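Inspection log for the structure reproduced underneath, given as C-alpha cells.
All values below come from the heavy atoms of this structure, side chains included, with hydrogens, waters and symmetry mates left out. Computed from a prediction, not measured in an experiment: that's the story for all the values here. Residue numbers start at 1 and run along the sequence shown.
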Amino acid sequence: MWLKDHKRLKAIFKNQGRVILAIDGMQPEIGHEVLWVIRDCLSGEIILAKTLLSSRNEDLAALLLEVTNILDVPIDGVVSDGQQSIRKAVRLALPRIAHGLCHYHYPQSCN
C-alpha cells in the first residue's frame with residue numbers, strides 16, 4: 001500500500017527532481033509473509049510497504065511497477081541486496097535503470 005500522504009511525498013520528489021529506489025524485504029520467521037519496503041534513498045521517505053507470501057521476481061517486479069506508475073519523476077537508480085529474485089525483478093521492471101548493491105550487502109554477495 002502507498003503511504004497515506006501522497007501529496008507530501010509527490011511534493012518532496014518533485015522538488016528533488018528524481019528518486020533512487022531502495023528495495024528490501026523483512027521476514028520475521030521462515031514461512032511467513034515478507035514485508036517489502038521501497039523507499040527513496042535521497043529523501044529517506046518510504047514510498048511503498050506491502051506484504052507478500054512470495055519473493056518471486058514477478059511479484060517484486062509488480063511492486064516496482066506499482067511505484068513507477070505513480071511517481072511523477074524519473075528513477076535514477078535502484079539499490080538492493082544481492083538477492084537473485086530482486087536482481088531479476090529490477091531487470092524485468094526497470095531494464096534501463098542502473099541497479100547497484102548496497103555497501104553493506106556487497107561484500108556478503110561476493111562470498
Side-chain angles (χ1 to χ4, degrees):
M1 78 180 269
W2 262 80
L3 296 183
K4 298 199 186 266
D5 196 351
H6 300 166
K7 275 186 170 180
R8 185 184 69 80
L9 288 175
K10 285 188 174 197
I12 290 169
F13 302 147
K14 184 177 182 179
N15 188 46
Q16 290 177 176
R18 65 190 180 120
V19 294
I20 297 174
L21 302 179
I23 180 170
D24 200 6
M26 294 164 254
Q27 187 172 21
E29 296 178 24
I30 294 174
H32 291 264
E33 290 182 325
V34 178
L35 173 63
W36 288 96
V37 177
I38 300 176
R39 68 178 182 85
D40 171 45
C41 293
L42 300 175
S43 66
E45 295 286 340
I46 295 174
I47 302 170
L48 180 135
K50 190 180 258 186
T51 57
L52 295 175
L53 287 171
S54 158
S55 294
R56 295 176 336 125
N57 57 306
E58 295 87 359
D59 296 330
L60 300 178
L63 290 182
L64 290 166
L65 289 173
E66 186 175 339
V67 168
T68 61
N69 289 333
I70 297 172
L71 289 175
D72 294 335
V73 295
I75 298 169
D76 275 0
V78 178
V79 178
S80 73
D81 64 20
Q83 187 175 332
Q84 286 300 315
S85 59
I86 296 175
R87 289 179 179 198
K88 290 177 182 177
V90 172
R91 279 195 304 267
L92 184 63
L94 306 168
R96 293 189 173 99
I97 304 296
H99 180 206
L101 300 180
C102 77
H103 293 277
Y104 175 76
H105 289 98
Y106 181 75
Q108 294 177 359
S109 69
C110 295
N111 294 332

Ile23 and Val37: side chain to side chain contact (heavy atoms under 4.5 Å, CB included), yes or no, with the steps? CA-CA 6 Å; Ile23 180 170; Val37 177; over 6 Å; no

With Ser55, which residues qualify under side chain to side chain contact (heavy atoms under 4.5 Å, CB included), at least two apart?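 Expected list: Val34, Trp36, Gln83, Ser85.
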
Checklist line | Spacing of CD belonging to Glu66 relative to CD1 belonging to Ile47, to within rounding of 0.5 Å | finding: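 So the gap between those two atoms works out to 11.5 Å.
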
Measure the shortest side-chain to side-chain distance between [X] and [Y] over non-hydrogen atoms and say whether it is less than 4.5 angstrom.
X     : Y     : result
Val67 : Leu64 : no
Phe13 : Asp72 : no
Lys10 : Ile70 : yes

Discussion item. Using the salt bridge (Lys or Arg N to Asp or Glu O under 4.0 Å) criterion, which residues pair with Glu58? Sequence neighbours excluded.
Written reply: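 Testing Glu58 for salt bridge (Lys or Arg N to Asp or Glu O under 4.0 Å), a comparison that skips the adjacent residues, returns Arg56.
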
Per-pair distances, 0.1 Å, donor-acceptor, side chain in residues 14-22, under 3.5 Å, sequence neighbours excluded:
residue, atom, partner, partner atom, Å
Gln16, OE1, Ser43, N, 3.4
Gln16, NE2, Arg18, O, 2.9
Gln16, NE2, Asp40, OD2, 3.0
Arg18, NH1, Asp76, OD2, 3.0

Can you tell me which residue among Asp81, Leu92, Leu101 is in a side chain to side chain contact (heavy atoms under 4.5 Å, CB included) with Arg87?
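Checked Asp81, Leu92, Leu101 against Arg87; only one passes side chain to side chain contact (heavy atoms under 4.5 Å, CB included): Leu101.
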
Given the options Leu60, Leu48, Val78, Ile38 meets side chain to side chain contact (heavy atoms under 4.5 Å, CB included) only with Leu48

| query | Would a hydrophobic clustering, with Ile, Leu, Val, Met, Phe, Trp and Tyr connected at side-chain separations under 4.5 Å, put Ile46 with Leu35? | reply | yes

Working note: Leu52 + Glu33, criterion side chain to side chain contact (heavy atoms under 4.5 Å, CB included); need CA distance, chi angles, decisive distance, verdict. CA-CA 5 Å; Leu52 295 175; Glu33 290 182 325; over 6 Å; no

